[in-house]
Amino acid sequence: MNHPNLNLEEKDIYGLLNGVRFDQSEWEPVTDEMPEILKDKIRKNVLKEVRNKNYLKSVKRSLMAAAVLLVILIGIGTVSPALARNIPVLHSIFEIFNDKFGTYQEYIPYSQLVDKSVTDNGITLTINEALADDSTLILGYTIKSDSRNEDLQMAGTNIMGGLLINGSSPKGVGFSGEYLDEKTYVSIARITYHSPSTSDLLKIDLTVDQFMGEKGHWNFSFTVSKTELVQKTRVFKANNQVDLPEGLVTVDKIVLTPIDSTIYFSGNYKDQNAATKAMDTVVYRWFVFDDQGIELSSGGGTFGGNEAPYGKDFQGTAKFQAVKTIPRSLTIVPCRFPVISGDSAKTEKPSESLQLIDGNYPLELSQGKMGKLIIKDITTEKEETVVRYTAEGKAPYFQGTNLYLKNTAGEYIHPQRYDIRRDENSPNDFTMVFPALDLSQGYSVGTSQFTHMDFREDLKIKIELKK
Amino acid sequence: MEINDTNFVAQLKKKNRRALEFAMEAYGNLVYSIVRKVLQTGFGNSYVEECLNDVFLSVWNNMASFDETKGNFKIWIAAVSKYKAIDYQRKLSKRDSVEWTTDRELSAELTPENILVSKENRKELLAAIREMNDQDREIFIRRYFLSEDIENIARTFSVDRNVVDQRLSRGRKFLKQKLVAKGERL
């Protein structure tokens, strides 16, 4: 018998199954007993699956902790589009982003022009440019719609479902995006991939058959050369260990490329069950500092047990920003964070520092054990309100990401973007940009006290980068 | 924290893996017997195992869909198991090209040929199902999602099978009207 092919999603159907009194005599009393061997197998399979998935989620969550602390509180995903930006010609998305946020400079010299467009059903998808090294592919792309469209942002993140790199699906994708005008959205996707191919060319196939409800065909096939970046890639073998309460982690190697820095690690749990339990409540984030003590901003990572080398329970990568020159050493400090679920974030208000914006600067905001933020000034010019500030303390970049504004009702004001702009010459000075605000209306500036964060300096390791 | 009968549902919703282990232990036999009944004849044990995995993963991934105010967990997981097993059966039948008795009364009006509900319009469809009156909705779900016998359904509601037939037909018409009204392609 068929159930209707109504294209409902599973979660909808499970919702409809609530309280349905279907014939219990069909299965009651339960006389079948699941054989022990099968029970064991199912338990292992299911828990393994759940663990891997969850772990990825946790790691992603911890690496994004800065944003998460803020975003979860505000409710995810409603950053209002910055409209009508008057950028007449689209040169390079990397350049546009770099001009605005200053974090994409390293991409520009390695960017390869793809410039392929497909239009169907009034929607044009253009892959503008790309670059790649051995583990990261970066795509700059544009979505243009015939009419004003607020779903472009969502569509921008959805299209990567049909992406194949050398025939395999990516390991993870992170996005940054921006409305150029009401009908145009530009985005950069950072894609982590793994391919055993030794070829210098990556074969990219992108198949999109649905876009914001419109069916159609937006298919792309092109190659990206990784030669230039691979030639400039430096690999440093390491063998440093971090003894965490849950497991022993070994840093195996560090790979520095002009576009990012990757730490490869692997390890064993001390007690798998205890570690599994701990994963529900705690996540780790690694803070990385160069030999000048400058914190490198983090950019995602992977974690899993499936591809762990022989004798290891798990392996993973942690990605950070690129270094301009090769430092003599890198220092890693692990930090424990409690897992914040969406529910508890709504109810448990973390302790914060809040100061009224009254035109007098500097304003000092304590961040507890971590340090403090010093607000140098807040100004409204043209269409933006810009907060300029310095972070002092243990992990200044991370601290710097945790700044927010509230109105008199205590509601958070969404920044234009959650990325902060870092001053190139003074790396602990930052700017965060908000939509234009009338500052006489009693806004406050705030940050977290990081009471739940456990910055484990006692576990820090220093990795010498020898040739 | 100890996981027990009283807290495992809340803990499952919070993605506590120990709560999942608890549910697998407590409801393993129930899920097994439902899945086995649907799948064993003709499809063999390997699919039973796959489907069991799938049921527990679905429960884990879709706990947010479980509504404690509408019924207990045991009945919900039983319904999820039955639904999953039927879904497997359907896919396997298709794959093996075995002619499977299709529900004619359904295919007459509610197949993709007649009603094209695109994925992006599922919200409207869902809303339409939710708008049905309680009894019609339950009959509809039990019949079409859980493949229950019309006789059985009639027994639960203490009515004649003709009444169930009428209700099903009414449900289909209701959906059709709703969807037409909302501009779905028919």
Side-chain angles (χ1 to χ4, degrees), chain A residues 1-36 38-39 41-51 53-54 57-58 210-215 273 276-277 279-281 339 341-344, chain B residues 14-18 20-21 24 28-30 32-34 36-37 49 52-53 56-58 60 62 64-67 70-71 75-76 78-80 82-83 86-87 90 100-103 106-107 110-112 117-120 122 125-126 129 137-138 141-142 144-148 152-153 155-156:
Chain A
M1 241 173 284
N2 273 350
H3 69 74
N5 185 7
L6 295 173
N7 286 325
L8 283 174
E9 280 189 7
E10 283 214 332
K11 65 173 178 35
D12 301 332
I13 293 168
Y14 296 148
L16 290 171
L17 294 178
N18 278 303
V20 166
R21 299 161 294 161
F22 85 100
D23 187 10
Q24 294 188 28
S25 67
E26 263 191 42
W27 40 272
E28 287 217 292
V30 178
T31 47
D32 286 343
E33 214 166 279
M34 195 181 341
E36 275 308 314
L38 182 61
K39 203 179 261 183
K41 222 169 149 186
I42 306 274
R43 188 171 50 229
K44 276 190 190 135
N45 282 343
V46 171
L47 290 176
K48 189 175 166 192
E49 184 91 2
V50 161
R51 188 156 47 229
K53 251 197 198 148
N54 221 38
K57 224 161 119 195
S58 303
Q210 193 166 310
F211 231 146
M212 300 174 291
E214 295 290 343
K215 289 211 160 70
N273 281 333
T276 308
K277 283 170 195 164
M279 275 180 238
D280 291 329
T281 53
V339 171
S341 71
D343 294 340
S344 62
Chain B
K14 285 186 180 161
K15 299 269 176 211
N16 182 336
R17 277 188 292 273
R18 279 176 296 152
L20 179 63
E21 281 186 73
M24 286 163 78
N29 289 340
L30 168 72
Y32 175 68
S33 73
I34 293 173
R36 197 161 161 246
K37 204 169 258 171
E49 185 184 325
L52 287 170
N53 278 333
F56 287 110
L57 281 175
S58 300
W60 174 260
N62 294 285
S65 298
F66 170 59
D67 184 348
K70 288 189 180 155
I75 294 183
W76 186 69
V80 169
K82 177 94 188 274
Y83 167 75
I86 290 166
D87 202 36
R90 196 171 51 91
W100 199 261
T101 341
T102 48
D103 192 347
L106 181 64
S107 52
L110 256 187
T111 56
V117 182
S118 48
K119 204 170 182 178
E120 54 275 18
R122 67 183 181 83
L125 174 70
L126 199 61
I129 295 178
R137 182 173 57 242
E138 183 163 342
I141 291 166
R142 288 172 65 164
Y144 293 132
F145 288 96
L146 300 172
S147 290
E148 221 178 296
N152 267 346
I153 301 175
R155 252 202 318 275
T156 345

Student: Which atoms of Leu30(B) come close to chain A, meaning under 4.5 Å heavy atom to heavy atom: side chain ones, backbone ones, both, or neither?
Tutor: both
Student: Please give me the minimum heavy-atom distance between Leu38(A) and Tyr32(B), naming the atom from each residue.
Tutor: CD2-CE1, 3.6 Å
Student: Nearest heavy-atom pair of Leu47(A) and Arg17(B): which atoms, and what distance?
Tutor: CD2-O, 4.2 Å
Student: What is the distance from atom CG of Leu16(A) to atom CD of Glu138(B), rounded to the nearest 0.5 Å?
Tutor: 11.5 Å
Student: Quick one, Glu49(B) and Asn45(A) - any side-chain contact, counting heavy atoms below 4.5 Å?
Tutor: yes
Student: Side chains of Asn29(B) and Lys39(A): closer than 4.5 Å at any heavy-atom pair?
Tutor: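 Yes - at least one pair of side-chain heavy atoms lies under 4.5 Å apart.
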Student: When you compare the side chain of Ile13(A) with that of Tyr83(B), does any pair of heavy atoms fall below 4.5 Å?
Tutor: yes
Student: Nearest 0.5 Å please: distance from the CD atom of Glu49(A) over to the CG atom of Asn53(B).
Tutor: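 If I round to the nearest 0.5 Å, the distance is 8.0 Å.
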Student: With sequence neighbours left out, write down each residue that passes side-chain hydrogen bond (donor to acceptor under 3.5 Å, both in side chains) with Ser58(B), or none if nothing qualifies.
Tutor: Tyr14(A)
Student: First locate atom CZ of Phe66(B), then atom CG of Asn18(A), and finally report the distance between them rounded to the nearest 0.5 Å.
Tutor: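 Phe66(B) CZ to Asn18(A) CG: 6.5 Å, rounded to 0.5 Å.
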Student: Salt bridge (charged side-chain N to carboxylate O under 4.0 Å, His left out) with Arg43(A): which residues, sequence neighbours excluded?
Tutor: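 Counting only residues at least two positions away or on another chain, Arg43(A) forms a salt bridge (charged side-chain N to carboxylate O under 4.0 Å, His left out) with Asp40(A), Glu25(B).
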Student: So how far is it from Asp12(A) CG to Ser65(B) OG, rounded to the nearest 0.5 Å?
Tutor: 7.5 Å
